[in-house]
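Have a look at the structure below, then the notes.
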Amino acid sequence: MDDPEEAFGPLPFYAAEDRAVFELDPATRARLRRRVRRSLRAGAGWRLEIDTAFGAVVHACALPRDPGDGIWITPRLAALYGELHAAGHAHSFEIYAGDRLAAGMLAVLMGRA
């Protein structure tokens, strides 16, 4: 996350609020993976891609969801994500509905994390 008010200072550090994590046994995880793969295959033209629209995903994630909402990806942070992507550390996962980008997610990988 970045703070638009501090665009020229050091990049702030934010810790996300704890979220619920549901531990799933291996059999349940395997069923979910199969179900997701089957849903993508059976969906009306849905497909999963990786790194085919990195810039578009960053741009879409940087838009406020509702009027008056803040943003968490500032232009500075978008540029930093771009540098991480160029270095092979940041990736985008995209879901397409036909030829239209329907959803996306960003991930930063550092080593095996």
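Side-chain atoms are counted along with the backbone in the values below, which use heavy atoms only and exclude waters and symmetry mates.
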For [X], give me all partners under side chain to side chain contact (heavy atoms under 4.5 Å, CB included), at least two apart in sequence or on another chain.
{"X": "Ile50", "answer": "Phe93"}
{"X": "Ala56", "answer": "Ala53, Leu101"}
{"X": "Pro64", "answer": "Asp69, Ile71"}
{"X": "Ala62", "answer": "Ile73"}

Inset, instruction - Mind listing the closest non-hydrogen atom pair of Ser92 and Leu106 along with its distance? - result: CB-CD2, 4.1 Å
Legend entry - Closest contact, heavy atoms only, Val57 versus Gly104: CG1-C, 4.0 Å
Legend entry - Joint cluster assignment, Met110 & Tyr81, ILVMFWY side-chain distance < 4.5 Å: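 Yes: a chain of side-chain contacts under 4.5 Å links Met110 to Tyr81.
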Legend entry - Partner set under ring pair (Phe, Tyr, Trp, His ring centres under 6.0 Å) for Phe54, not counting sequence neighbours: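 Per chain and number, Phe54 pairs via ring pair (Phe, Tyr, Trp, His ring centres under 6.0 Å) with His85.
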Inset, instruction - Just jot down the side-chain hydrogen bond (donor to acceptor under 3.5 Å, both in side chains) partners of Asp25, sequence neighbours excluded, or say none. - result: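 side-chain hydrogen bond (donor to acceptor under 3.5 Å, both in side chains) list for Asp25, sorted by chain: Thr28.
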Legend entry - Contacts of His59 that satisfy side-chain hydrogen bond (donor to acceptor under 3.5 Å, both in side chains) - sequence neighbours left out: none
Inset, instruction - Kindly compute the distance separating CG (Leu84) from CG (Leu77), expressed to the nearest 0.5 Å. - result: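 Output value for this atom pair is 9.0 Å.
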Legend entry - Donor-acceptor under 3.5 Å (Arg47 side chain, Ile95 main chain):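 Not a single qualifying donor-acceptor pair exists.
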Inset, instruction - For His91 and Gly88, indicate whether the former's side chain and the latter's backbone hold a donor-acceptor pair under 3.5 Å. - result: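 At least one qualifying donor-acceptor pair exists.
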